[in-house]
Amino acid sequence: MRKAPRQQRSRVTVDVIVEAATRVLARRGWARFTTNEIAAVAGVSVGSLYQYFPNKLAIAEAIRQRHLDEVLVALSGAGDDSEAVALDQRVARFADGVIAAHSVDEALHRVLLDEVPLVARSSYAEFEAEYQRRYRALIAASASGAAGDDETAARVLSSAVEGVVHAAAHRGDLGLPALRSELVRLILAYLRDRQQAA
């Protein structure tokens, strides 16, 4: 962002711009995503938009950041809660969270994945650290003394889950009960194999 909103009114303006941009990007795609249309849909002047965002890529990054925040919210509590929950239930909740976070607006998700030239993921170090922590917590909750590197296991599992979910989002298959069932089976098989290796 060009300028961080400090006052409540400014924060509301930025929220309105990002919400409008989200709708425009999902409907029009990256090639026809313009700051003029975003401003018109948001009901603000183009000058107000440029006060906070230097270009349309910066707005797309704000949309992406919101998506990443939604992913973390969806995954919260699935792997690191203190209550005793069976592994099957824990994994089912985790899979439901991942699917829910990517099902909010499948058209938008496809555009973000396929069209928008986004900044390298390493620029989201805080998100990545917290995201991997959620996977490590899931692995630790299922480990029962399993031998191995939990950090590497978390990266492998998160990459596998991302691959499945992003491919399903691309195809429009996220709502299929069979996809959820197979994703749960994949995660459980990986975690149980690690338990058996202990």
Side-chain angles (χ1 to χ4, degrees), residues 1-81 93-135 137 158 161-163 165-175:
M1 288 184 72
R2 175 171 275 163
K3 170 183 161 187
R6 302 206 185 285
Q7 298 177 346
Q8 177 65 24
R9 185 173 44 118
S10 299
R11 287 191 294 272
V12 168
T13 300
V14 167
D15 285 343
V16 166
I17 291 168
V18 174
E19 286 297 322
T22 300
R23 292 192 305 274
V24 172
L25 185 60
R27 187 177 71 242
R28 309 270 289 158
W30 177 250
R32 297 184 304 165
F33 182 64
T34 67
T35 53
N36 285 339
E37 185 172 0
I38 295 164
V41 171
V44 301
S45 70
V46 174
S48 292
L49 184 147
Y50 282 121
Q51 189 175 9
Y52 299 103
F53 300 99
N55 52 45
K56 71 179 193 174
L57 184 57
I59 299 170
E61 286 299 314
I63 294 168
R64 180 176 184 229
Q65 185 59 57
R66 281 194 180 185
H67 169 67
L68 297 178
D69 293 343
E70 290 167 1
V71 168
L72 291 180
V73 168
L75 295 181
S76 65
D80 59 354
D81 49 15
R93 281 197 285 189
F94 198 85
D96 288 342
V98 172
I99 291 169
H102 291 83
S103 297
V104 174
D105 188 338
E106 288 187 53
L108 173 66
H109 197 76
R110 280 192 292 277
V111 171
L112 286 173
L113 282 173
D114 298 339
E115 299 177 24
V116 179
L118 294 173
V119 178
R121 191 170 186 170
S122 62
S123 67
Y124 291 92
E126 186 177 316
F127 165 79
E128 188 65 23
E130 185 59 24
Y131 182 69
Q132 290 301 319
R133 189 191 71 73
R134 306 287 166 99
Y135 276 91
S158 66
V161 171
E162 284 175 26
V165 170
H166 288 168
H170 182 72
R171 291 188 306 267
D173 292 345
L174 277 178

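When reading the values below, keep in mind they use all heavy atoms of this one structure, side chains included, and skip hydrogens, waters and symmetry mates. These numbers were taken from a predicted model, which means no experiment stands behind them.
Under the 30°/60° scheme for interplanar angles, the aromatic rings of Tyr135 and Tyr131 are found to stand perpendicular.
Of all the heavy atoms in Ala39 and Leu49, the pair that sits closest is N-CD1, 4.0 Å. The heavy-atom pair separating Ala74 from Ala101 by the smallest distance is CB-CB, 3.7 Å. Taking each heavy atom of Ile99 and Leu174 in turn, the nearest pair found is CG2-O, 3.6 Å. Between Gly97 and Leu75 the shortest heavy-atom distance is C-CD2, 4.4 Å. Closest of all the heavy-atom pairs between Arg32 and Arg28 is NE-O, 3.5 Å.
We find the CD-OG1 distance between Gln8 and Thr13 to be 9.5 Å, quoted to the nearest 0.5 Å. Note that CD of Glu126 is 11.0 Å distant from CG of Leu68, once rounded to the nearest 0.5 Å. Taken to the nearest 0.5 Å, the CD1 atom of Ile59 stands 9.5 Å off from the OG1 atom of Thr34.
Proximity of Val165 to Val161: side-chain heavy atoms (C-beta onward) are separated by under 4.5 Å at one or more points. Ser45 has its side chain out of reach of Tyr50: every pair of non-hydrogen atoms, C-beta onward, lies at least 4.5 Å apart. Considering only heavy atoms from C-beta on, Val98 stays 4.5 Å or farther from Val71 through its side chain.
Taking the centre of each ring, His109 and His170 stay at or above the 6.0 Å mark.
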- side chain to side chain contact (heavy atoms under 4.5 Å, CB included) between Thr35 and Phe53: does it pass, once the steps are laid out? CA-CA 9 Å; Thr35 53; Phe53 300 99; over 6 Å; no
- Item | side chain to side chain contact (heavy atoms under 4.5 Å, CB included) assessment of Ile38 paired with Val44 | CA-CA 9 Å; Ile38 295 164; Val44 301; over 6 Å; no
- Task: Could you walk me through whether Val18 and Thr22 pass side chain to side chain contact (heavy atoms under 4.5 Å, CB included), step by step?
- Result: CA-CA 6 Å; Val18 174; Thr22 300; 4.2 Å; yes
- Message: For a side chain to side chain contact (heavy atoms under 4.5 Å, CB included) check, start with the C-alpha distance between His102 and His166, then their side-chain angles and the critical distance, and finish with the verdict.
- Response: CA-CA 8 Å; His102 291 83; His166 288 168; 3.5 Å; yes
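Every residue two or more places apart in sequence or in another chain was checked for a salt bridge (Lys or Arg N to Asp or Glu O under 4.0 Å) with Arg23, and none qualifies. With sequence neighbours left out, the side chain to side chain donor-acceptor pair (under 3.5 Å) criterion links Ser103 to no other residue. For Gln65, the side chain to side chain donor-acceptor pair (under 3.5 Å) partners are Asp69, not counting sequence neighbours. In this structure, the salt bridge (Lys or Arg N to Asp or Glu O under 4.0 Å) partners of Glu19, at least two apart in sequence or on a different chain, are Arg66. For Glu115, there are no side chain to side chain donor-acceptor pair (under 3.5 Å) partners, not counting sequence neighbours. Every residue was checked against the salt bridge (Lys or Arg N to Asp or Glu O under 4.0 Å) condition with Asp114, not counting sequence neighbours, and none meets it.
With hydrogens and angles disregarded, no donor-acceptor distance shorter than 3.5 Å links the side chain of His67 to the backbone of Ile63. Judged by distance alone, the side chain of Arg64 and the main-chain N or O of Leu112 form no donor-acceptor pair under 3.5 Å. Between the side chain of Lys56 and the backbone N or O of Trp30 there is at least one donor-acceptor pair closer than 3.5 Å.
The pair Glu128-Arg133 does not meet the salt-bridge criterion, since no charged nitrogen lies less than 4.0 angstrom from a carboxylate oxygen.
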